[in-house]
Number of protein chains: 2
Amino acid sequence: MKKGLTPICHRFFTNLSNPTRLATLEQLMNKPMSVNELAEALGQEQSMISHNLKPLLQCNFISSEKEGKKRIYSVNHETIGALFKTVENHAQKFCPTGGKCLKGEN
Amino acid sequence: MKKGLTPICHRFFTNLSNPTRLATLEQLMNKPMSVNELAEALGQEQSMISHNLKPLLQCNFISSEKEGKKRIYSVNHETIGALFKTVENHAQKFCPTGGKCLKGEN
DNA sequence: TCCACATATGAATTATTATTCATGTGAAAT
DNA sequence: ATTTCACATGAATAATAATTCATATGTGGA
């Protein structure tokens, strides 16, 4: 059944379909951060952040670089910015009242 | 933990993180189709197609209109086109060799 | 070297989603 | 009005993914 973009889209969107990872990306859109900073900002355990950073890294949605004992993560603004913008536009234009577009709301 | 775009992104990307739904969208990017046409094109059962059309419809990623006893589904080109384009661009630019960007490949 | 900090990993458990199969519903044709 | 086509829905099972907790690794400082 697999055609064209489907496999890569599946991989990417699966990666993006998790609230922890999305919140992480949202944070990183503001500024690069270390794992502990993310954990604190999101109120999550460090191990959970690490687990969730990994797939984002593998897909190159984020990148990292060492700084002392810390590791600083940065978001891929080009891709993630574009995706968020599309989502925002869609939500505004096609789901103005939220309605069925939002989970559990019907 | 939920901030800004995270909930709506979560809803949208969860919706898009399924191979059947993605393949459906890919089909519909070519032309509007009925449920049975989709089922045949994708080699899937009709009930599965119907189940998967529903969330796409709820998020307005597709729309439908009746035509006799059939129901014809059309894709939201604006949103889905933009998303696919972003994915394609990202894959080309940041995952040129596939590598870890593709599931199971490491 | 030894300790502490920062992060990563493994494995088990839990939670979420997908798929299947049976059946329901509505609309047009006979 | 009954049959058939086209599609939708429900509920159970199966598949996949997320989270937690324990522990490992690696790096710099005392």
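All values reported here derive from a predicted model rather than from experimental measurement.
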For residues 77-84 of chain B, which side-chain N or O atoms pair as donor and acceptor with protein atoms under 3.5 Å away, sequence neighbours left out?
| from | atom 1 | to | atom 2 | distance (Å) |
| --- | --- | --- | --- | --- |
| B/Glu78 | OE1 | A/Lys93 | NZ | 3.4 |
| B/Glu78 | OE2 | A/Asn89 | ND2 | 3.1 |
| B/Glu78 | OE2 | A/Lys93 | NZ | 2.9 |
| B/Thr79 | OG1 | A/His90 | ND1 | 2.6 |

Just to confirm, is there a sub-4.0 Å distance from OP1 or OP2 of [N] to any side-chain nitrogen or oxygen of [X]?
| X | N | value |
| --- | --- | --- |
| A/Tyr73 | C/dA6 | no |
| A/Asn36 | C/dC5 | no |
| B/Asn18 | C/dT19 | yes |
| B/Arg21 | C/dA18 | yes |

Figure out the [atom1]/[atom2] separation between [X] and [N], and round it to whole Å.
| X | N | atom1 | atom2 | value |
| --- | --- | --- | --- | --- |
| B/Glu40 | D/dA6 | CD | P | 11 Å |
| B/Asn52 | D/dC7 | CG | P | 15 Å |
| A/Met48 | C/dA15 | CE | C1' | 12 Å |
| A/Leu38 | C/dA8 | CG | P | 10 Å |
| B/Leu56 | D/dA8 | CG | P | 12 Å |
| B/Glu37 | D/dC5 | CD | P | 17 Å |
| A/Gln58 | C/dA8 | CD | P | 12 Å |
| B/Gln44 | C/dA18 | CD | P | 13 Å |

Atom CE of B/Met48 and atom OG1 of B/Thr20: how far apart are they, to the nearest 0.5 Å? 2.5 Å

Less than 3.5 Å apart, which donor and acceptor atoms pair up between the side chains of residues 59-67 of chain B and the rest of the protein, not counting sequence neighbours?
| from | atom 1 | to | atom 2 | distance (Å) |
| --- | --- | --- | --- | --- |
| B/Asn60 | ND2 | A/Phe94 | O | 2.8 |
| B/Ser64 | OG | B/Arg71 | NH1 | 2.8 |

Could I get the full list of side-chain contact (heavy atoms from CB on, under 4.5 Å) partners for A/Ser50, not counting sequence neighbours? A/Val35, A/Gln46

Closest to the [X] side chain: [options]?
| X | options | value |
| --- | --- | --- |
| B/Lys54 | D/dA8, D/dA18, D/dT9 | D/dT9 |
| B/Leu53 | C/dT7, D/dA8, C/dA18 | D/dA8 |
| A/Ser50 | C/dA8, C/dT20, D/dC7 | C/dA8 |

Do A/Asn52 side-chain atoms and A/Arg21 backbone N/O form a donor-acceptor pair below 3.5 Å?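 Not at all, since once roles are kept as given, no pair shorter than 3.5 Å links the two residues.
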
How does protein reach along nucleotides 22-30 of chain C, written 5' to 3' as B (base within reach of a heavy atom under 4.0 Å), S (only sugar-phosphate), or - (no contact)? B----S---

Quick test of your reading: applying salt bridge (charged side-chain N to carboxylate O under 4.0 Å, His left out), list the pairs with at least one residue in residues 48-57 of chain B, sequence neighbours left out, ordered by first then second residue.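 Found none.
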
Among residues at least two apart in sequence or on other chains, which ones pass side chain to side chain donor-acceptor pair (under 3.5 Å) with B/Ser34?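 B/Ser34 satisfies side chain to side chain donor-acceptor pair (under 3.5 Å) with B/Glu37 once adjacent residues are dropped.
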
